[in-house]
Amino acid sequence: MENKEGGDDLFDRLNTAMLNKHLHSLMPGLSAKVFRTYNASVTLQQQLKELTTVTDNVPEKILSYNRANRAVAVLCNHQRAPPKTFEQSMANLQSKIESRKEQLNLAKKELKQVKKEAKGNSDKKLLVTVEKKKKAVQRCEEQLMRMELQVTDREENKQIALSTSKLNYLDPRISIAWCKNVEVPLEKIYNKTQRDKFAWAVDMTETDFVF
């Protein structure tokens with residue numbers, strides 16, 4: 001740090017071209033980006049192995065995937081300022097959660113009431129109604145769980161740019177194999193444009209792929 005001031009480059013005598021030339025001398029084809037891609041991909045694969053629980057439902061698995069991807073983004077220093085709309089977006093989501101909780105409480109009360117009416121009653125219509133109310137409760141519970149996981153995911157990602165590493169520094173075959181192994185639809189990880197971009201990987205990747 002001798003003869004340096006705040007704002008000065010730490011390695012002021014080194015540039016990308018020099019670094020890549022040195023890396024290429026160690027291994028043909030090796031560059032700073034290749035090295036970074038390797039580190040990022042190894043990290044993703046390790047994190048997915050550690051964080052994924054096969055018995056989780058799909059929203060929980062997606063949260064685990066995003067956490068693994070976040071570890072890569074931190075490694076690659078892919079940070080960002082929180083979006084200007086972040087606080088309002090979170091407030092809107094919290095409002096939806098409160099509304100869904102009210103709907104769930106109402107659905108449970110209705111189920112309890114119809115069960116009481118159906119007890120000792122052979123009316124088939126009542127029995128059908130009980131099943132409908134059960135499904136309504138289950139649906140509300142699932143929707144509420146997805147929203148609460150969404151809150152966690154958004155909060156953890158507010159200062160991390162996940163798409164940069166996912167699209168530019170990760171071998172897509174890792175994510176594709178993971179989706180196949182844990183039964184997560186690929187469209188939950190890559191949108192259509194991204195799936196088209198990685199069509200080569202989609203076509204060739206088997207469940208036993210290891211980076």
Side-chain angles (χ1 to χ4, degrees), residues 44 47-70 82-83 85-158 160 162-163 166 172 174-199 201-203 205-209:
L44 178 69
Q47 288 295 306
L48 285 175
K49 186 176 181 180
E50 291 177 13
L51 297 174
T52 304
T53 301
V54 178
T55 54
D56 280 351
N57 55 43
V58 170
E60 288 169 331
K61 288 174 182 174
I62 293 172
L63 179 62
S64 295
Y65 178 88
N66 286 342
R67 283 174 169 167
N69 191 9
R70 185 160 50 254
T85 58
F86 179 77
E87 295 300 333
Q88 184 58 51
S89 175
M90 291 295 280
N92 292 342
L93 186 53
Q94 287 290 356
S95 178
K96 289 180 180 179
I97 287 174
E98 293 306 314
S99 176
R100 190 66 65 192
K101 284 180 178 178
E102 290 177 6
Q103 290 178 17
L104 177 58
N105 288 334
L106 178 60
K108 285 181 175 180
K109 287 179 181 178
E110 291 178 349
L111 174 60
K112 185 177 180 180
Q113 179 61 34
V114 78
K115 275 184 174 181
K116 185 177 179 180
E117 293 174 7
K119 190 174 182 180
N121 194 320
S122 59
D123 187 347
K124 290 184 178 179
K125 288 184 178 180
L126 271 177
L127 296 177
V128 170
T129 302
V130 169
E131 289 305 311
K132 285 183 178 179
K133 296 299 181 182
K134 281 183 180 178
K135 288 180 181 178
V137 168
Q138 184 181 8
R139 187 164 55 250
C140 278
E141 287 175 338
E142 289 173 352
Q143 291 170 343
L144 182 59
M145 179 205 64
R146 283 198 296 270
M147 287 180 179
E148 289 175 338
L149 287 175
Q150 199 174 1
V151 167
T152 300
D153 200 32
R154 286 188 185 182
E155 183 63 40
E156 291 178 356
N157 290 333
K158 68 179 179 180
I160 299 293
L162 294 185
S163 59
K166 185 168 75 173
I174 299 170
S175 299
I176 294 166
W178 177 82
C179 284
K180 290 182 176 181
N181 275 307
V182 301
E183 299 181 339
V184 170
L186 189 58
E187 56 268 25
K188 298 292 186 180
I189 303 302
Y190 294 123
N191 62 34
K192 187 179 185 307
T193 301
Q194 294 163 353
R195 294 198 302 276
D196 290 342
K197 176 181 179 180
F198 296 133
V202 175
D203 291 340
T205 305
E206 301 294 338
T207 57
D208 59 354
F209 174 80

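Model, not experiment: these values are computed from the prediction. Side chains are part of it too, since the values below use all heavy atoms of this structure and drop only hydrogens, waters and symmetry mates.
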key: Atom pair CZ (Phe198) and CD1 (Ile189), whose distance is rounded to the nearest 0.5 Å   = 12.5 Å
request  = Kindly indicate whether the side chain of Tyr190, heavy atoms from C-beta on, has any atom under 4.5 Å from the side chain of Pro172.
outcome  = yes
inquiry  = If the test is side-chain hydrogen bond (donor to acceptor under 3.5 Å, both in side chains), which one of Lys132, Lys133, Lys115 qualifies with Glu110?
reply    = Lys133
inquiry  = In the structure I gave you, are the side-chain heavy atoms of Cys179 and Tyr65 within less than 4.5 Å of one another anywhere?
reply    = no
message = Less than 3.5 Å apart, any donor N or O on the side chain of Gln113 or Glu117 sitting next to an acceptor on the other?
response = yes
key: Atom pair CG/CD1 of Asp56 and Ile62 - distance to nearest 0.5 Å   = 11.5 Å
request  = Look only at the side chain of Ser99 and the backbone of Ser95, and say whether a donor-acceptor pair between them is shorter than 3.5 Å.
outcome  = no
note = Those residues at least two apart in sequence (or on a different chain) that pass salt bridge (charged side-chain N to carboxylate O under 4.0 Å, His left out) with Glu60 are none
request  = Without swapping roles, check the side chain of Asp153 against the backbone of Leu149 for a donor-acceptor pair under 3.5 Å.
outcome  = no
message = For the CD atom of Glu187 and the NZ atom of Lys192, what is their distance to the nearest 0.5 Å?
response = 12.0 Å
query = Any idea which heavy atoms bring Lys61 and Thr53 closest together, and the distance?
reply = CE-O, 3.8 Å
query = Rounded to the nearest 0.5 Å, how far apart are CD of Glu141 and CD of Gln138?
reply = 7.5 Å
key: Distance-only side-chain donor-acceptor flag, Gln143 / Arg146, under 3.5 Å   = no
message = To the nearest 0.5 Å, what is the distance between OG1 on Thr152 and CG on Asn66?
response = 11.5 Å
note = On a heavy-atom basis, the closest approach of Arg154 and Ser89 is NH1-OG, 2.7 Å
inquiry  = Does Leu104 form a side-chain contact (heavy atoms from CB on, under 4.5 Å) with Arg100? I'd like the steps, not just the answer.
reply    = CA-CA 6 Å; Leu104 177 58; Arg100 190 66 65 192; 5.7 Å; no
ask   = Do other residues, nucleotides or ligands put more than 12 heavy atoms under 6.0 Å from Lys180 NZ?
value = yes
ask   = So, does Thr52 use its side chain to make a donor-acceptor pair with the main chain of Leu48 at under 3.5 Å?
value = yes
message = Nearest 0.5 Å, please: how far is CZ in Arg67 from CG in Asn69?
response = 13.0 Å
request  = Would you check, one step at a time, whether the test side-chain contact (heavy atoms from CB on, under 4.5 Å) holds for Ser175 with Leu44?
outcome  = CA-CA 9 Å; Ser175 299; Leu44 178 69; 3.9 Å; yes
Phe86 backbone acceptor or donor facing Lys158 side chain under 3.5 Å = no
task = Return the set of residues passing salt bridge (charged side-chain N to carboxylate O under 4.0 Å, His left out) with Lys166 (not counting sequence neighbours), or none when no residue passes.
result = none
request  = Run through Lys108, Gln103, Met145, Glu102 and flag the one making a side-chain contact (heavy atoms from CB on, under 4.5 Å) with Cys140.
outcome  = Gln103
Side chain to side chain, Lys49 and Trp178, heavy atoms closer than 4.5 Å = no
key: Lys/Arg N to Asp/Glu carboxylate O, Lys134 vs Glu131, below 4.0 Å   = yes
note = Minimal heavy-atom distance between Leu51 and Ser64, with the atoms involved, is O-OG, 3.3 Å
key: Donor-acceptor under 3.5 Å (Asn181 side chain, Thr207 main chain)   = yes
request  = Starting from the C-alpha separation in whole Å, work towards a yes-or-no answer on side-chain contact (heavy atoms from CB on, under 4.5 Å) for Glu156 and Leu162.
outcome  = CA-CA 11 Å; Glu156 291 178 356; Leu162 294 185; over 6 Å; no
inquiry  = To check you understand the geometry: which heavy-atom pair defines the closest contact between Ala201 and Thr205, and what is its length?
reply    = O-OG1, 2.5 Å
Neighbour count >12 (heavy atoms, 6.0 Å) for atom NZ, Lys197 = yes
ask   = Side chains of Gln88 and Asn92: does their closest heavy-atom pair fall under 4.5 Å?
value = yes
Residue of the set Glu148, Glu98, Gln150 for which side-chain contact (heavy atoms from CB on, under 4.5 Å) holds with Leu93 = Gln150
